[in-house]
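Notes follow once the structure below has been shown.
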2 protein chains.
Amino acid sequence: MKKVDIFKKLRSSGLRPTKQRVEIAKFLFDRDTTFHFTIDSLENHLTKKTTCKFALATIYNTVHAFKKAGHLSEVDVRGKKTYFDTNITNHHHFYDNETSELIDIDASEVVIQKIPKAPNGKKIKNVEVFINLKN
Amino acid sequence: MKKVDIFKKLRSSGLRPTKQRVEIAKFLFDRDTTFHFTIDSLENHLTKKTTCKFALATIYNTVHAFKKAGHLSEVDVRGKKTYFDTNITNHHHFYDNETSELIDIDASEVVIQKIPKAPNGKKIKNVEVFINLKN
DNA sequence: TTTCAGTTTATAATAATTCTAAAGTAAAAA
DNA sequence: TTTTTACTTTAGAATTATTATAAACTGAAA
Ligand SMILES: [Mn+2]
Ligand SMILES: [Mn+2]
Ligand SMILES: [Zn+2]
Ligand SMILES: [Zn+2]
């Protein structure tokens with residue numbers, strides 16, 4: 001992903017490309033594979049691997065703007081912290097409770113044969129399969 | 001469920017049957033169908049519908065003891081609050097984001113035909129299906 | 001009774017997240 | 001280019017859910 005795409009991510013999220021936001025976007029999107037992160041892990045990376053300074057609020061705001069724009073998704077993990085995902089395709093997860101690690105499962109790897117119909121007046125928005133792991 | 005069963009729930013959770021705990025156990029278990037709750041909703045009920053006084057810590061402690069004893073399970077819902085479930089069978093959920101309501105799906109209503117194998121050295125502990133609803 | 005382990009409670013501490021308002025900066029207008 | 005405007009960053013405060021603490025209380029057993 002080139003710098004022009006980073007700028008597109010930012011612009012399409014309604015964000016001016018400031019140096020903080022460019023660093024965040026580069027870390028999140030300028031890579032070959034998607035990944036999962038928390039605000040905490042993101043902040044750790046940014047403070048260690050970049051020269052610029054980041055207020056926590058800036059990180060929260062930027063991540064939420066990306067999420068609202070559909071460039072990030074949120075994964076529901078038991079526990080206190082919110083997990084974000086740069087994989088915005090419809091997919092599922094393994095969760096390793098020992099290591100607190102999320103592992104992607106491509107949607108094609110899960111086939112559901114039978115599912116109940118939605119309650120009256122409601123529709124199914126999406127189906128999330130979450131597979132807990134043990135040793 | 002009779003009072004003797006309430007006492008069993010308490011004793012099997014390592015809890016003496018105090019008046020607070022009996023009220024909590026009665027509300028959670030003395031009913032025909034299972035349900036989902038948060039600490040907050042539980043507290044609201046207890047303060048409104050009973051005469052006795054409840055410190056928040058007592059509610060947290062009692063609920064956690066029930067969970068540890070296997071009388072309650074926890075459901076992963078996006079958002080800040082922890083949801084508990086008096087349905088401790090293996091089952092799945094609809095989640096209505098509009099109303100923040102969880103609806104049970106019996107395990108038999110979901111049939112999964114294909115699932116990836118667990119990563120090396122890991123085993124599958126359980127599979128949770130979470131169906132988000134929309135209007 | 002007295003004792004003692006277990007319990008409740010008010011309050012403080014913690015942790016993730018959100019809010020605020022002042023100071024700074026990028027982009028638009030002149 | 002300068003001025004103006006709107007957006008941004010920031011430190012710190014506020015909020016919210018949860019957990020910890022330690023003193024007062026209770027109830028069964030010695
Ligand atoms: Mn969660
Ligand atoms: Mn959750
Ligand atoms: Zn993922
Ligand atoms: Zn349930």
Side-chain angles (χ1 to χ4, degrees), chain A residues 3-4 6-27 36-47 50-69 72 74-85 100 102, chain B residues 6-7 9-27 36-47 50-69 72-85 100 102:
Chain A
K3 187 170 269 189
V4 65
I6 293 296
F7 274 61
K8 257 186 211 155
K9 293 271 190 211
L10 289 164
R11 291 277 181 222
S12 64
S13 308
L15 300 175
R16 283 185 189 172
T18 65
K19 61 184 185 313
Q20 283 86 352
R21 288 168 174 171
V22 169
E23 286 298 340
I24 294 173
K26 267 166 50 186
F27 178 59
H36 306 99
F37 67 95
T38 63
I39 294 291
D40 191 56
S41 70
L42 176 54
E43 191 200 18
N44 282 337
H45 169 88
L46 292 169
T47 53
T50 73
T51 53
C52 105
K53 216 187 165 240
F54 293 88
L56 245 194
T58 300
I59 302 175
Y60 273 102
N61 290 340
T62 305
V63 166
H64 284 151
F66 283 143
K67 190 192 159 193
K68 193 189 285 186
L72 290 175
E74 197 181 319
V75 186
D76 225 338
V77 177
R78 198 148 8 220
K80 300 159 231 237
K81 293 182 189 174
T82 301
Y83 281 72
F84 294 93
D85 196 341
S100 299
L102 280 169
Chain B
I6 293 296
F7 276 60
K9 293 271 189 209
L10 288 164
R11 291 249 117 99
S12 65
S13 309
L15 300 175
R16 281 189 191 170
T18 65
K19 62 184 185 312
Q20 283 86 352
R21 287 167 174 171
V22 168
E23 286 298 340
I24 294 173
K26 266 165 50 185
F27 178 59
H36 306 98
F37 66 95
T38 62
I39 295 291
D40 190 58
S41 71
L42 176 55
E43 191 201 19
N44 282 337
H45 169 88
L46 293 169
T47 52
T50 73
T51 53
C52 102
K53 214 185 166 244
F54 293 88
L56 244 194
T58 300
I59 302 176
Y60 273 101
N61 290 340
T62 306
V63 165
H64 284 151
F66 284 143
K67 191 193 158 192
K68 195 189 283 186
L72 289 176
S73 60
E74 196 180 320
V75 186
D76 225 339
V77 177
R78 200 151 0 223
K80 301 158 234 244
K81 293 182 188 173
T82 301
Y83 281 71
F84 295 94
D85 196 341
S100 299
L102 278 169

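Values below: all heavy atoms of this structure, side chains included; hydrogens, waters and symmetry mates excluded. Chain identifiers are assigned alphabetically (A, B, ...) following the order of the sequence lines, protein sequences preceding nucleic acid strands; residue numbering begins at 1 within each chain.
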Taking every non-hydrogen atom, the tightest pair across A/Phe66 and A/Ala25: CZ-CB, 3.8 Å

For B/Leu15 and D/dG27, give me the distance from atom CG to atom P, rounded to whole Å. 16 Å

Starting at CZ of B/Arg78 and ending at P of C/dT17, how long is that distance when rounded to a whole Å? 14 Å

What's the shortest heavy-atom distance between B/Leu46 and B/Ile24, and which atoms? CD1-CG1, 3.7 Å

Rounded to whole Å, NZ of B/Lys19 lies from C1' of D/dG27 at a distance of 11 Å

What is the minimum heavy-atom distance between A/Gln20 and A/Phe54, and which atoms define it? O-CE2, 3.4 Å

Could you state the CG-P distance from A/Asn61 to C/dT18, rounded to the nearest angstrom? 9 Å

With a 4.0 Å limit, can you tell me whether A/Arg16 has a side-chain N or O closer than that to the phosphate oxygens OP1/OP2 of D/dA6? no

Distance (rounded to the nearest 0.5 Å) between A/Leu15 CG and A/Lys68 NZ: 10.0 Å

Assess whether side-chain contact (heavy atoms from CB on, under 4.5 Å) is satisfied between B/Thr82 and B/Ile39, documenting all intermediate values. CA-CA 8 Å; B/Thr82 301; B/Ile39 295 291; over 6 Å; no

Quickly work out the A/Leu10 CG to C/dA26 C1' distance and round it to whole Å. 13 Å

Each nucleotide in nucleotides 17-22 of chain D should get exactly one letter: B, S or -. Can you fill that in based on protein heavy atoms under 4.0 Å? SBBB--

Can you tell me how far P of C/dT17 sits from CD of A/Glu43, to the nearest Å? 11 Å

B/Phe54 CZ to D/dC25 C1': how many Å, rounded? 17 Å

How many whole angstroms separate atom CD1 of B/Ile59 from atom C1' of C/dT9? 12 Å

In short, A/Leu102 meets A/His36 closest at the heavy-atom pair O-ND1, 3.5 Å

Give A/Arg11 one of three labels, base, sugar-phosphate or nothing, depending on what nucleic acid heavy atoms sit under 4.0 Å from its own. sugar-phosphate

Please check the phosphate of C/dT25 (OP1 and OP2 only) for any side-chain N or O of A/Gln20 closer than 4.0 Å. no

Within the structure, does a side-chain N or O atom of B/Thr18 lie under 4.0 Å from either OP1 or OP2 of D/dG27? no

Closest heavy-atom pair and its distance - A/Tyr83, A/Ser100: OH-O, 3.4 Å

